[in-house]
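Naming: A, B, ... by sequence-line order, numbering from 1 per chain.
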Amino acid sequence: MKECSISQFPEYIGQDVTIKGWVSNRRSSGRVSFLIFRDGTGICQVVAERDVLGDTYQEIRKIPIESSVIVHGKVVEEGRSAGGFEVQASSIDIVHLSDEFPIGKKEHGPDFLLSNRHLWLRSARQTAIMRVRDALVRHVRNYFYENTFTLIDTPIFTTTCGEDTSNLFSVDYFDLGKTYLSQTGQLYLEAAIFGLGKVYCLGPTFRAERSKTRRHLTEFWMVEAEMAYYDHKMNLDLQEDFVSYIVQNTIAERQEDLKLLERDIEPLKRVVPPFHRISYDEALDILHKQGSDIVWGADLGGDDETVITQLFDKPVFIENYPKQTKAFYMKQHPDRPEYVFCADLLAPEGYGEIIGGSQREDNYDLLIKAIKDNNLEPETYGWYLDLRRYGSVPHAGFGLGIERTLSWICGLKHVRETIPFPRMLYRAYP
RNA sequence: UCCUCGGUAGCUCAAUCGGCAGAGCGGGUGGCUGUUAACCACUAGGUUGGGGGUUCAAGUCCCUCCCGGGGAGCCA
């Protein structure tokens with residue numbers, strides 16, 4: 001018999017095949033048992049009949065959930081079966097009889113599921129999310145490839161830091177003392193644009209913030225892009241094009257998975273250029289009219305973001321924040337020095353910030369001043385300052401959070417389900 | 001770090017005013033000729049997160065510690 005995968009069933013209708021996988025669930029009647037069978041490419045129903053299987057039927061009838069089996073039998077179209085096909089077994093080899101599987105058919109709480117993440121990852125919902133993640137990351141890479149960006153893998157161990165050290169994980173580094181796990185590749189990307197023009201990186205990012213919310217992980221994946229000779233407006237135009245590309249391609253490719261996740265993709269279909277653009281000051285006006293007492297100079301909180309995203313039917317940029325609320329490397333507005341050229345992109349439907357980006361300060365003296373104003377030490381930024389000494393150019397870039405974007409695309413309540421093994425404030429196992 | 005909610009059977013939860021610790025799922029045994037979180041019958045399963053206290057009596061009230069969930073701040 002020919003071995004095939006469940007995803008290939010349309011080509012094997014009426015034929016005898018061998019499939020290898022696991023029993024997701026089982027139902028039995030007097031003379032017939034139904035195994036819900038999974039092989040990594042799909043699910044189907046295996047029909048096991050007493051009269052066909054003989055002695056092994058007694059074992060199959062009570063086989064523990066998650067046992068691994070190899071099934072030989074005929075592929076048949078069957079509307080009543082999950083996946084649309086069933087295999088009428090002529091024989092079944094038991095590879096391993098599972099111990100009692102901790103995750104049952106009824107609902108479970110988050111603590112239990114997260115403690116059993118290594119087993120939870122087998123479930124239909126979780127495998128669907130992982131496939132959407134795979135597609136999203138692939139389309140991210142495709143976009144940059146198609147637009148002549150070069151991948152630059154930035155270091156994980158770093159000495160200089162994007163911002164202050166209080167939210168960095170420190171690591172002992174031989175005789176050199178402390179290094180820190182990277183929380184951004186941006187500064188290194190800035191070095192790379194001088195040779196390559198447009199570059200990007202995609203990798204894990206570490207934040208030692210004691211954050212405990214549905215939008216935070218201590219280890220998450222971020223894609224960052226940096227472009228030479230790009231100003232603020234060009235940066236936003238690119239982000240708009242990029243986000244539209246990855247969303248449209250991902251939802252088109254993974255329709256079945258999104259359906260399983262019960263994600264209504266109509267709102268996602270509207271994610272095409274142009275996005276809404278409002279200034280920080282306009283955002284404050286909106287919030288004040290909604291009854292907020294937020295003061296100028298304060299960063300927008302989670303609730304503020306939610307209020308604003310609910311007013312728009314597609315992603316919205318909030319541009320030009322006060323300089324005091326943002327990082328030192330952002331370029332200050334030439335006419336209004338109290339502002340910087342930056343923007344956060346908020347995803348609709350209450351998801352909030354998925355991108356932070358800015359045009360970078362390319363003037364040596366202004367950058368030195370900004371470093372000092374932020375109580376940072378210019379000496380530790382030697383190489384970064386050099387970039388403003390040898391052919392400095394206007395440049396801009398942004399970073400997009402993979403898990404937040406995936407959470408939005410999948411319509412999930414919490415980012416913890418979007419990464420295979422989430423690291424959170426109180427959780428580093430499994 | 002702060003606010004808030006919670007911890008009872010392997011899992012999800014219930015237990016009235018402080019008064020015999022229960023159900024569903026899962027496990028075991030048996031039944032059922034096509035099931036859809038299958039169903040039916042029977043059955044086993046408990047140091048009520050740990051420690052201390054009040055009381056005739058504590059899952060329930062008080063103190064304390066531990067472990068989680070949600071949120072704030074911060075950020076993607």
Check: The side chain of A:Arg61 lies closest to which of these nucleotides: B:A76, B:U36, B:C32?
Finding: B:C32
Whole-Å distance separating the [atom1] atom of [X] from the [atom2] atom of [N]:
X: A:Glu78; N: B:U35; atom1: CD; atom2: C1'; value: 11 Å
X: A:Asp111; N: B:G68; atom1: CG; atom2: P; value: 7 Å
X: A:Asp99; N: B:G26; atom1: CG; atom2: P; value: 17 Å
X: A:Ile246; N: B:A76; atom1: CD1; atom2: C1'; value: 13 Å
X: A:Asn116; N: B:U12; atom1: CG; atom2: P; value: 10 Å
X: A:Arg207; N: B:C74; atom1: CZ; atom2: P; value: 14 Å
X: A:Arg27; N: B:C25; atom1: CZ; atom2: P; value: 15 Å
X: A:Asp299; N: B:A76; atom1: CG; atom2: P; value: 9 Å

Can you say whether a donor on the side chain of [X] sits under 3.5 Å from an acceptor on the base of [N], or the other way round?
X: A:Glu86; N: B:G34; answer: yes
X: A:Ser211; N: B:C75; answer: no
X: A:Gln45; N: B:U35; answer: yes

Next item on the list: For A:Arg26, report the nucleic acid contact type (base, sugar-phosphate, nothing); a contact means any heavy atom under 4.0 Å.
Entry: sugar-phosphate
Note to self: At 4.0 Å (heavy atoms only), tell me whether A:Ile355 reaches a base, stays on the sugar-phosphate, or touches nothing.
What the structure shows: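 Counting heavy atoms under 4.0 Å across all strands, the contact made by A:Ile355 is with sugar-phosphate only.
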Notebook entry, point to check: Any chance the side chains of A:Tyr57 and A:Ser33 put a donor and an acceptor closer than 3.5 Å?
Noted result: yes
Item checked: Distance-only polar pair, side chains of A:Tyr329 and A:Glu190, donor-acceptor under 3.5 Å ->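 No, A:Glu190 and A:Tyr329 have no side-chain donor paired with an acceptor closer than 3.5 Å.
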[N] OP1/OP2 closer than 4.0 Å to side-chain N/O of [X]:
X: A:Arg427; N: B:G69; result: yes
X: A:His414; N: B:G70; result: yes
X: A:Lys212; N: B:G70; result: no
X: A:Arg416; N: B:G70; result: yes
X: A:Lys62; N: B:U29; result: yes
X: A:Ser29; N: B:G34; result: yes

Next item on the list: Heavy atoms only: give me the nearest A:Tyr429-A:Arg423 pair and the separation to one decimal.
Entry: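 Heavy atoms of A:Tyr429 and A:Arg423 come nearest at N-NH1, 4.1 Å.
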Note to self: Applying the 5.5 Å / 30° rule, does A:Phe220 stack onto the base of B:A76?
What the structure shows: yes
Note to self: Between B:G59 and B:C32, how many Å separate the two C1' atoms, rounded to a whole number?
What the structure shows: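 After rounding to an integer number of Å, I get 40 Å for this pair.
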Margin query: Please check: side-chain N/O of A:Ser279 versus main-chain N/O of A:Glu282, any donor-acceptor pairing under 3.5 Å?
Written below: yes
Next item on the list: Step through it carefully: locate the ring centre of A:His276, locate the ring centre of A:Phe317, and say whether they are under 6.0 Å apart.
Entry: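 So the answer is no for these two rings.
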